[in-house]
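One structure below.
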Amino acid sequence: MILAVFKKSTIANKLCNHEERTGMAFGTNINSMFYRLFVVWCFLIMNILAAQDGGIANDNLFDTFKKDQESQSRLNFFFGEPNRYRENSAYDWLDQVNIYLLDAEKKKDSTDILDYLLMQSQVYHDLGDYYRSIAISKDLYKDIDKLDLYRKAVLLDLMDASYGKLQFYAEQIDIRKEKRKLGFTENISFYDIYANLGFYLKARDDYFLEEKKKVDESDYYGQAVFYNNVGNFLRLDKSPTAISQYNKAKAFIDLFLNDVTETRTAKQLTEANLLRGIIEGNIGKSLVIQDDCETALPKLEESIALIKEYNAGKFSSDLVENNLAVAECYLQIGDFKKATDYLSGDFTPVKTENILKKNQLYATYYDKTGDHRSSIAYLKRNIRITDSLKTNESQLKQQQLATIVGEDKNNALLLIEQQRLEMEQQRSDMIALDERNDMAFILLVLTLLALAGLVYAYLRSIKNQRLIAEQKHIIENSLVEKDSLLKEIHHRVKNNLQMVSSLLSLQTKNTRSKAAIEALEEGKSRVKAMALIHQKLYQNEDLSVIEMQGYIESLINSVQSVYKKGGHNINITVDAEGVELDIDRAIPFGLILNELVSNSFKYAFPMDDENGKIYIHLRKIGVKEGFFEYTDNGVGLPDDSEERANSSMGIRLMNRLANQLQTKLNVDNNTEGVRFWFNFT
């Protein structure tokens, strides 16, 4: 089997034949039926998605090709669709291309003629008619300088593949030189030619050295191609280790197909599924070599189905070899009917080794079925073929090998020359580096002297830094102790105030005077307001300020617990989010608010109105200044409120507390209910 395993250029990669892109996989063989069904389901889903992305994947490719009006767009479409013979055979495409070619010749349109000749040559190649394909390509090659880069890549890749199939290795090398000259490839590869000449291990070694470094670890498709090719070299050398390389290739192509994180085009899925079929066939052929036909048969039959589906209409050596391998298996297990079905299938071997293999299998079949005359006839055919080959094969092979070795040597000399130039450049770089190192050494000495001075100064400062660190540690410990002590003080003050509140509650129970009870309840409410301040302080991480939103809400709950009869139907809105006050301002503010809320509960809503509303607003203005507003929609203040202010303890208390805040308590009784407000610093 001739291996077309050379690395394609970026442009030519889009155009090469699938039978020339074989690959391989790691991993284990999973025979679970559930797994197989799951994988098939994944393939179906991804193919549907790819069909949607591809736009024309569900259309007839041949009809789409005919809809294009320009030869350029037809050329791009033709070489961009690897499965173009899916609905229509290669002969249908050839007829249509010939029609377009005749029309272009009538119009004398040189560009169109060139495009259709390229397509015509590719179709002949796909049909296995390599002589006719190369004849067309050689005529186009005469005017290669007139072609653009894309058409040059198409033509050179096509000629490279056809010369390889025809085993014209000298011409193939010339084409590869041209590809290197045009920048389509960096080096000329010889490993596939060595493989075609039968030097499989030499081919494997060269391939591994040249291609392994070019394959990215995240490129699952490229990894599959690489390991499949390594497996091909080993299989052709009859090595049992080939299967392990094929298994690696199979695992990588499965990863590529099952990777849902990447969106695959219809073309990529076609190429990947074809590669998967080729790998399965290679595993099957390796098993046949090991006389394990029972395991090989399902793999070979699956491979045949995949290649027919994803390489429709194209000649495929893999398909021919797989059919022959299946026929060989059925002959071994004694199923002669199936063996002849595969031998008489719609495939025609082109390679000499495949023709010999087919004749040998027919001879074996007739020998096992008792038709020895026919068996001998097929053996004689092989003898005639091998005799004719022996006449020229040895000398031709030596000439080809001499040519390849010579070119390989020239290529090696070129690489050596490149390496010599690189070494000279490295030597120059080293001299320049030494000069820079000398200068760097001088700078280093000066830097070390400067550093010595800095180190001396640093060592002298270390003692001071240690003293500072110790002092800082002492101060931090003192601050921690201070915070703990302050929290303990606030906690004890709160407990003492609660004790006072409890004493007032006891006094209330022993008092029958209604006025005295009210006075004691008011006093208890004020004590609770102050206790709540200290409770919030010792609960906070920051002992210097109180978060007012939570404090006001807690204060209202406390007042409501005192006035159980009223206040529960009143809608209270507190707007003080993000405002913090220190203790010097929080205590008078809390007592003022306690008086206001208590008065609203006692007097503002005598009918226990469910529509009663209290609005408390507190915000900061600038860094230190603030604004407070308290409103309710109750009955408001009485007409003689100013006269009562002089005799009311609550009003007098609020005015004094406002003085502590260095402000004045303002009252607005003109609107519905009442409004108290003041600015503070």
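Not measured: the values here are computed from a predicted model.
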Under the salt bridge (charged side-chain N to carboxylate O under 4.0 Å, His left out) test, which residues partner D112, sequence neighbours left out?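 Not a single residue meets the salt bridge (charged side-chain N to carboxylate O under 4.0 Å, His left out) criterion with D112.
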
Please name all residues satisfying salt bridge (charged side-chain N to carboxylate O under 4.0 Å, His left out) with E301, sequence neighbours left out, ordered by chain then number.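 For E301, no residue satisfies salt bridge (charged side-chain N to carboxylate O under 4.0 Å, His left out) once neighbours in sequence are set aside.
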
So, using side-chain contact (heavy atoms from CB on, under 4.5 Å) as the criterion, who are the partners of [X] when residues are at least two apart?
X	result
F208	K212, F226, V230
E217	Q223
D341	K337
A203	Y191, Y194, A195, F233

Within the 3.5 Å criterion, strictly below it, is a donor on [X] or [Y] matched to an acceptor on the partner's side chain?
X	Y	value
D237	S239	no
N76	Q72	yes
Y85	D126	yes
Q120	Y124	no
N322	S303	yes

Do E328 and L324 have side chains that approach each other closer than 4.5 Å (heavy atoms only, starting at C-beta)?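 SC-SC contact between E328 and L324 ruled out.
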
Heavy atoms of other groups near K380 NZ, more than 12 under 6.0 Å: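 No, NZ of K380 has 12 or fewer neighbouring heavy atoms, counting only those of other groups under 6.0 Å.
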
Between atom CD1 of I355 and atom CZ of R381, what is the distance when rounded to the nearest 0.5 Å?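 It comes to 11.0 Å.
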
Gap between atom CD of E210 and atom CG of D206 - 0.5 Å precision: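 Here the rounded value is 6.0 Å.
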
Report the residue from F79, F77, F78 that forms a side chain to side chain contact (heavy atoms under 4.5 Å, CB included) with E81.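 The single option meeting the side chain to side chain contact (heavy atoms under 4.5 Å, CB included) with E81 is F77.
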
